[in-house]
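First listed ligand is number 1; within each ligand, the first listed atom is number 1. We number each residue from 1, following the sequence as shown.
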Amino acid sequence: MRWNQRKEGLSDSRPLVIIKLGGSAITIKDSYFALRKEVISGISDEIRDFFPERRMIIVHGGGSFGHPVAALYSLQNGKDSNAPSMALSDVEDAMMRLNRSIIEALRAVKLPAFPVQTAAVSRAKEGRLEAVNSAFFSELLSWGLLPVCYGSLVFDNTMGYSIVSGDNISVALALKLKASSIIFVSDVDGIYDSDPKVHPGAKLIRVYHALGSSLKEDRVPSGKDVTGGIANKIRSVVPALSAGIEVRIVNGLKRGQLSSALKGEDVGTKVVI
Ligand code: ADP
Ligand code: IPE
């Protein structure tokens, strides 16, 4: 398999997988600017084993970088937040710092990671992602690159700007680029019948019916999570499921779970409609 199909003029039938690295897995979400370095390098090792046989796009969340800064200025409320322009710069800077750490870890294992500034390639309307320049991602893929973008501040046609979750960006890219699957890497094994951090006896649901079940989310995301918690994740994947894209949630804190999902093994929670 050639890394650079474009240069060789070859058609590309390799499956495309979108990997969403949740802020809960790559950072300590209850803290401030706290990275989980070992987790990030473990995940990078796992991704390397599947590259270039799979085409992949990495989307990461904000965790303890983006969320506290966005919450401080209520940036999710757009221009109504009356935030100073420095706040917009602060949140993007926080996300770019986190992005830099992910890029460094991927490059350390010789993966051709390529950072993509989300705000420069997307647009929102009424707080929702409206358009993402998927052609740009296609072009990066055709050069054998591993694009890495993130949930971010996105300029918004009605609100001025808003905060778009990496979950929504993952789904939009998966739909436009006809990905075969989206793997959400979180800090729990999958979806449980109640929040496993609140109820130690909570049971893992191996196949979760996104439309048929109502999620019990006891631990309502703290004020610091400006994009909503796992319930928003489930809602956002419905269009992908309808398009036949496979969706799985795995635990990034457990070595090997991402690899199993990439192999198509039955790990974590499979989300279906
Ligand atoms: P991420 O940061 O990985 O994108 P979120 O923080 O949005 O993900 O969601 C993951 C968190 O959701 C977990 O840390 C878990 O504590 C919480 N959670 C709440 N209810 C549930 C549930 N029923 N099943 C699984 N996790 C849940
Ligand atoms: C949030 O992205 C981005 C910002 C707060 C700027 P996500 O909603 O994807 O982040 P996580 O995965 O929940 O941390």
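- In this model, no donor atom of one side chain and acceptor atom of the other lie less than 3.5 Å apart for Thr269 and Tyr192.
- For Ala25, the heavy-atom gap to ligand 1 stays at 4.0 angstrom or more.
- Here is the list of ligand 1 atoms found below 4.0 Å of a heavy atom in Lys197: 13 (C), 14 (O), 16 (O).
- Under a 3.5 Å cut-off, the side chain of Ser162 and the backbone N or O of Gln76 do not form any donor-acceptor pair.
- For Glu104, the CD atom is densely surrounded, since the number of other residues' heavy atoms within 6.0 Å is greater than 12.
- For the ligand labelled ligand 1, residue Gly23 lies inside the 4.0 Å heavy-atom shell.
- Heavy-atom contacts of Lys20 reach the following atoms of ligand 1: 4 (O) (cutoff under 4.0 Å).
- Residue-environment remark: CZ (Arg107) stays at or below the threshold of 12 foreign heavy atoms within 6.0 Å.
- Close approach of ligand 1 to Asp187 (heavy-atom distance below 4.0 Å) involves ligand atoms 13 (C), 14 (O).
- Residue-environment remark: CZ (Arg54) exceeds the threshold of 12 foreign heavy atoms within 6.0 Å.
- The shortest N or O to N or O distance between Asp193 and ligand 1 is not below 3.5 Å.
- Here the protein heavy atom with the shortest distance to atom 8 (O) of ligand 2 is Thr227 OG1, 2.5 Å.
- With Arg36 as reference, Ile28 is the one residue of Thr27, Ile28, Ile26 to meet the side-chain contact (heavy atoms from CB on, under 4.5 Å) rule.
- Backbone and side-chain nitrogen or oxygen atoms of Gly62 are examined, and one is located within less than 3.5 angstrom of a nitrogen or oxygen of ligand 2.
- Counting heavy atoms of neighbouring residues, nucleotides and ligands inside a 6.0 Å radius, atom NZ of Lys270 does not exceed 12 of them.
- Close approach of ligand 1 to Lys233 (heavy-atom distance below 4.0 Å) involves ligand atoms 1 (P), 4 (O), 8 (O).
- Nearest protein heavy-atom contact of atom 11 (P) of ligand 2 is His67 NE2, 3.4 Å.
- Gly63 N, 2.7 Å is the protein heavy atom nearest to atom 14 (O) of ligand 2.
- By the criterion of a heavy-atom distance under 4.0 Å, neither the backbone nor the side chain of Thr27 is placed next to ligand 2.
- Heavy atoms of His60 come nearer than 4.0 angstrom to ligand 2 in no pair at all.
- At a 4.0 Å heavy-atom cut-off, ligand 2 touches Lys29 through the side chain alone.
- Of the heavy atoms in Ser194, only backbone atoms (N, CA, C, O) come closer than 4.0 Å to ligand 1.
- Surrounding CD of Glu246 are at most 12 heavy atoms belonging to other residues, nucleotides or ligands under 6.0 Å away.
- Contact check for Ile58 versus Ile47: side-chain heavy atoms found under the 4.5 Å cut-off.
- The pair Lys233-Asp167 meets the salt-bridge criterion, with a side-chain N (NZ, NE, NH1 or NH2) lying under 4.0 Å from an Asp/Glu carboxylate O.
- For atom 7 (P) of ligand 2, the nearest protein heavy atom (residue, atom name, distance) is Gly166 N, 3.6 Å.
- The nearest heavy-atom contact from the protein to atom 4 (C) of ligand 2 is Ile163 CG2, 3.7 Å.
- Distances from ligand 1 to the non-hydrogen atoms of Ala231 include no value under 4.0 Å.
- Of the N or O atoms in Asp167, none lie within a sub-3.5 Å distance of an N or O in ligand 1.
- Salt bridge Lys197/Asp187: present, at least one basic N to carboxylate O contact under 4.0 Å.
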